[in-house]
Q: 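Starting off with a structure, shown below.
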Amino acid sequence: MQIGLKPNSVSDIESGKNSPTDQTIKAICREFNASEEWLRSGRGEIKAENCQEERYILNIAKLQRADDDTLIRWVNAIAETNPEALKQIEEFMKKILGIEE
C-alpha cells in the first residue's frame, strides 16, 4: 500500500477492529491530500488546502517514487525549457485537462 500498511492492517481499520494511529492518519492525509479534520470527523473539506509550495513538494515526492520513462522525459523537458514556453505549455495543459485555478 502507498502509505506502508499491510493489507490485513487496512482490513482491521476498515472493519473497526483497530483504529488508525496518528502516524497512519498523517500518512493518508499526505499521500492523498486529504484534510485531517475531514478524515477524523467527517467535517470540513475532503481535500486539504495546500499552498503552491506544499503542492510542489507533494508532487515532487510522488514523481520520485514513480518508475516511468514518460515522467522522466517530461521532467527533463520542463527543466530544459525556457520560462516563456513553459507558460504557454501550462495554459495549454490546463485547458485540455480542464484545470481551473
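The structure presented is a predicted model; accordingly, all values stated were derived computationally and were not measured.
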Q: Quick check: closest heavy atoms across Ala27 and Ile3, and the distance to 0.1 Å?
A: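 It is O-CG2, 3.6 Å.
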
Q: Would you mind reporting whether Ile25 and Arg40 have side-chain heavy atoms less than 4.5 Å apart?
A: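 Yes, side chains in contact.
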
Q: How many angstroms lie between OG in Ser41 and CD in Glu36, if you round to the nearest 0.5 Å?
A: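 Here the interatomic distance stands at 10.0 Å.
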
Q: Quick one: does Leu39's side chain get under 4.5 Å of Cys29's, heavy atoms only?
A: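 Yes; the side chains approach each other to less than 4.5 Å.
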
Q: A side-chain contact here means heavy atoms from C-beta on lying under 4.5 Å apart; do Ile78 and Thr81 qualify?
A: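 The answer is no, as the side chains (C-beta and beyond) never meet within the 4.5 Å cut-off.
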
Q: Any sub-3.5 Å donor-acceptor pair from Ser11's side-chain atoms to Pro7's backbone N or O?
A: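 No, Ser11 side chain to Pro7 backbone: no donor-acceptor pair under 3.5 Å.
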
Q: What closest approach, in Å, do Trp38 and Glu45 show between heavy atoms, and which atom pair accounts for it?
A: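 Scanning both residues completely, I find the closest heavy atoms to be CB-O, 3.2 Å.
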
Q: Could you pull out all residues at least two apart from Arg43 that satisfy side-chain hydrogen bond (donor to acceptor under 3.5 Å, both in side chains)?
A: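 Arg43 satisfies side-chain hydrogen bond (donor to acceptor under 3.5 Å, both in side chains) with no residue once adjacent residues are dropped.
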
Q: Given the rule that I, L, V, M, F, W and Y join up when any side-chain heavy atoms are under 4.5 Å apart, are Ile89 and Ile72 in one cluster?
A: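 Each belongs to a different hydrophobic cluster.
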
Q: Show the nearest heavy-atom pair for residues Asp68 and Thr70, with the distance to one decimal.
A: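 Shortest heavy-atom contact: OD1-N, 2.8 Å.
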
Q: Any chance you could measure Ile99, atom CD1, to Glu91, atom CD, to the nearest 0.5 Å?
A: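 Ile99 CD1 to Glu91 CD: 10.5 Å, rounded to 0.5 Å.
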
Q: Any chance you could measure Asn8, atom CG, to Asn18, atom CG, to the nearest 0.5 Å?
A: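 Here the interatomic distance stands at 9.5 Å.
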
Q: Pairs in or reaching into residues 75-87: which pass salt bridge (Lys or Arg N to Asp or Glu O under 4.0 Å), with residues at least two apart or in two chains?
A: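 Checked against salt bridge (Lys or Arg N to Asp or Glu O under 4.0 Å) - neighbours excluded - the pairs reaching residues 75-87 are Lys87-Glu90.
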
